[in-house]
2 protein chains.
Amino acid sequence: MLPERTVERLSEYRRSLLQCLEEGKTHIFSHELAELHHNTAVQVRRDIMFIGYTSMQRKGYDVRELINVIGDILDSEQGLNVAVIGVGNLGRAITTYFIGKRSKLNIIATFDVDTTKIDRVISGVKCYPLSRLKEIVEKEDISIAIMTVPADSASEVSTQLVDSGIKGVLNFTTVPLQVAPDVYMDEYDMITSLEKVAYFVKTART
Amino acid sequence: MLPERTVERLSEYRRSLLQCLEEGKTHIFSHELAELHHNTAVQVRRDIMFIGYTSMQRKGYDVRELINVIGDILDSEQGLNVAVIGVGNLGRAITTYFIGKRSKLNIIATFDVDTTKIDRVISGVKCYPLSRLKEIVEKEDISIAIMTVPADSASEVSTQLVDSGIKGVLNFTTVPLQVAPDVYMDEYDMITSLEKVAYFVKTART
DNA sequence: GAAATATTGTTAATTTAATCACAGTTTAGG
DNA sequence: CCTAAACTGTGATTAAATTAACAATATTTC
C-alpha cells in the first residue's frame, strides 16, 4: 500500500510520460520529470523506488516501461466501472470530461432524480433514476461513484451508495460524507480551494 | 502564515458553522465539529489555536464569534475579484456553482477564445475575449484566475495570466503550470483523484 | 460547597513526508 | 584504460503534520 501522495504523483507522472511517448521521447531523467511537476528529482526517484522500478543507469527511465509499471500499480486488470451521481452542471462536465480519456476507468451510468433526465443519454452515458441505484450497481458491477448532487441531498444519497455496494467515492459535494469504513472516499471542495488561494494571495500582500 | 491544511480545514469548518447558525445552534464543541469533518477533536482545537481564538471553557465555541474570527483570517476586507478562464463545460459549471455563494470572492468575468461566446453573459457573468485579458484584469482589479482551458493551450494562457498581474491561480487543467514565484497556485486534477480512489479500491480488495 | 464530570489549551511524542548526502554505475572524452 | 561527469538508488536526517497526554478550568450533582 503506497502513500497517498505517491499514488497521486504516479498518476500525474503517467500523464506526462504518455505525452512524452507521443512526442517520441523514449527516455526521461528524474530531474526532467521533476521539472514537469513542481517537485524535486529526489522525490521522483523515491516515488519510482516505491514501485520497484529501476532504470538503466545514466540513460534515464525508459518511458514505455515506466508507463507499464505505473499501470500495473494503479490499474485494475479488468478495469473498474464508475457511476456519476447527480447530472447537474458539474456532473455533466465531469462525465464529458472523462469520456474518451483513460480507458481502465469506465463511466457507464449516471443517476438523477429529475424525471426529465432519466432514460436520456447524456454525454454518451445513460441516466437512470436514483431509485434503481442498487439494482444497476450490482448488475453492472460498478465500484466507484462520483458524487455531484446538491448539498441538501448528499448525505442521504451517500447512505444509498454504501448500501448499494459501492467501494469508492469521489465526493464533489460541499458536505463531508459519512461512509462505512471499508469504503474509500476522497473529498474535493472547490470553494475550499478557492478560499485557500484567496488566503495566500491576501497574506502574500503583506 | 498558517499551514495549508489548516487553511483548508478552517474554510470547511466555517461552512459547517454557518449551517449550525441557520439551525439556531449557538455553541459547538470541538468534538462535534470534528465529527462533521472526518477528523479529531484535537485537530480542531489545534486549528482554532492557530487563529488565536479561545472559547468560554466548557460551553464550547461560540458559533457566531468563530465564524467572524475565521473570516478575519481567510477573507480580504474588500473582497477579491475572480475570473474564470475557459468557458467550457467545467468553466460554466464552476461559474454557476460559485455565483450566489460566498460573497467575499466575486467572479466578475470569464474569458474565452470562442467568438460565439464572447460578449455573451454566461451564468450571469460576461465573457470577454482572451486577448483583452490584461486590460480587464487591470481595470477590474482581478487577482485570482480559475483555469479551465483545454490542456493544449494551458501553458500559453498561464503565461498571459502571470503577465496580466494575476496573483493566484486555481488550475483545473491536467497540465502542471509554471508561474512566477510570487503567484500562488493550487492545482486540482480530477483524473488523478479518480485514479487514486481506484487504486485504493483495488488494493482494499486483497 | 466538595467531588465528579466535561471540555479546552498546550506540551510532548509519534508518525508521515520530504530532503540531504553520498556511494555506486554507466558513459564519454581523452 | 583512466579520469571526469552525469545520474540513480537509498540510508540518514530534517521538517511537517498529527496524535497522545494531561493540567487547568468551568459546570453539574449531590
Side-chain angles (χ1 to χ4, degrees), chain A residues 1-13 16-17 20 25-67 69-70 73 176 181 184 186-187 192 196 199-200 203, chain B residues 1-13 17 20 25-66 69-70 73 176 186-187 192 196 199-200 203:
Chain A
M1 183 97 95
L2 303 174
E4 272 203 35
R5 300 299 316 279
T6 295
V7 174
E8 290 177 17
R9 284 189 297 259
L10 288 173
S11 162
E12 286 158 13
Y13 297 158
S16 297
L17 291 167
C20 287
K25 197 170 165 64
T26 62
H27 291 77
I28 191 167
F29 296 125
S30 58
H31 67 262
E32 292 178 302
L33 206 42
E35 234 170 77
L36 292 170
H37 292 276
H38 306 304
N39 73 158
T40 65
V42 192
Q43 182 73 76
V44 170
R45 296 205 297 274
R46 168 88 49 197
D47 288 331
I48 290 174
M49 196 183 114
F50 269 121
I51 61 175
Y53 178 68
T54 64
S55 72
M56 286 195 295
Q57 291 262 15
R58 268 292 315 239
K59 281 253 169 81
Y61 300 96
D62 183 296
V63 173
R64 194 181 299 271
E65 277 182 25
L66 188 48
I67 290 170
V69 178
I70 293 176
I73 299 285
Y184 181 86
D186 193 56
E187 308 204 305
T192 290
K196 184 171 70 167
Y199 169 78
F200 285 106
T203 56
Chain B
M1 183 100 92
L2 303 175
E4 273 203 35
R5 298 303 315 279
T6 295
V7 174
E8 290 178 16
R9 283 189 298 259
L10 288 173
S11 162
E12 286 159 14
Y13 297 159
L17 291 167
C20 287
K25 198 171 163 66
T26 61
H27 291 78
I28 191 166
F29 296 125
S30 58
H31 66 263
E32 292 179 302
L33 206 43
E35 234 170 77
L36 292 171
H37 292 275
H38 307 304
N39 72 158
T40 65
V42 191
Q43 182 72 79
V44 170
R45 295 205 298 274
R46 175 150 309 260
D47 289 333
I48 290 174
M49 196 181 113
F50 268 121
I51 61 175
Y53 178 67
T54 63
S55 70
M56 287 195 292
Q57 289 262 15
R58 266 294 311 244
K59 279 251 170 83
Y61 300 96
D62 184 295
V63 173
R64 195 182 299 271
E65 278 183 25
L66 188 48
V69 177
I70 293 175
I73 299 286
D186 192 58
E187 309 204 302
T192 290
K196 184 171 69 166
Y199 169 79
F200 285 106
T203 55

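- Note: CE (Met1(A)) to P (dA17(C)) measures 12 Å, nearest angstrom.
- Remark: P of dT8(C) and OH of Tyr53(B) are 11 Å apart, rounded to the nearest angstrom.
- A donor-acceptor pair is defined here as one N or O able to donate and one able to accept, closer than 3.5 Å; no such pair exists between the side chain of Gln43(A) and the backbone of Thr40(A).
- Not a single ring pair (Phe, Tyr, Trp, His ring centres under 6.0 Å) links His27(B) to another residue, sequence neighbours left out.
- Distance, Asp62(B) CG to dT8(C) P: 13 Å, rounded to whole Å.
- For the pair Ile48(B) CD1 and dT7(C) P, the interatomic distance rounds to 15 Å; values are reported in whole Å.
- Atom P of nucleotide dA17(C) and atom CG of Leu2(A) are separated by 11 Å, given to the nearest angstrom.
- A 4.5 Å side-chain heavy-atom check between Ser11(B) and Lys196(A) finds every atom pair outside the cut-off.
- Regarding Gln43(A), its CD atom lies at a distance of 5 Å from the P atom of dA18(C), rounded to whole Å.
- Looking at every heavy atom in both residues, Tyr199(B) comes nearest to Leu2(A) through OH-N, 2.9 Å.
- Phosphate proximity of dT8(C) to Ser30(B): present, with a side-chain N or O under 4.0 Å from OP1 or OP2.
- Residues Asn39(B) and Thr54(A) both approach DNA chain D. Their nearest nucleotides, taken by heavy-atom distance, put Thr54(A) toward the 5′ side.
- Pairing each heavy atom of Phe50(A) with each of Pro3(A), the nearest pair is CZ-CG, 3.9 Å.
- Rounded to whole Å, atom C1' of dA18(C) lies 13 Å from atom CE of Met49(A).
- Applying the salt bridge (Lys or Arg N to Asp or Glu O under 4.0 Å) definition to pairs two or more places apart or across chains, none involves residues 36-46 of chain B.
- Taking 4.0 Å as the cutoff to heavy atoms of chain B, we find the contact window on DNA chain D bounded by dA17(D) to dT27(D).
- For the pair Thr6(A) and Ile51(A), the minimum side-chain heavy-atom distance is 4.5 Å or more.
- What separates CZ of Arg5(B) from C1' of dA17(C) is a distance of 13 Å, to the nearest Å.
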- line: Its contact letters, B for base, S for sugar-phosphate only and - for none at protein heavy atoms under 4.0 Å, make nucleotides 20-30 of chain C read BB--BSBB---

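- Among pairs with a residue in residues 47-59 of chain B, those fulfilling salt bridge (Lys or Arg N to Asp or Glu O under 4.0 Å) read Arg9(B)-Asp47(B), at least two apart in sequence or across chains.
- Residue-level contact check: Thr6(A) touches neither bases nor backbone, having no heavy atom under 4.0 Å from any strand.
- Judged as a side-chain contact (heavy atoms from CB on, under 4.5 Å), and not counting sequence neighbours, the contacts of Ser16(A) are Leu33(A), Leu36(A), His37(A).
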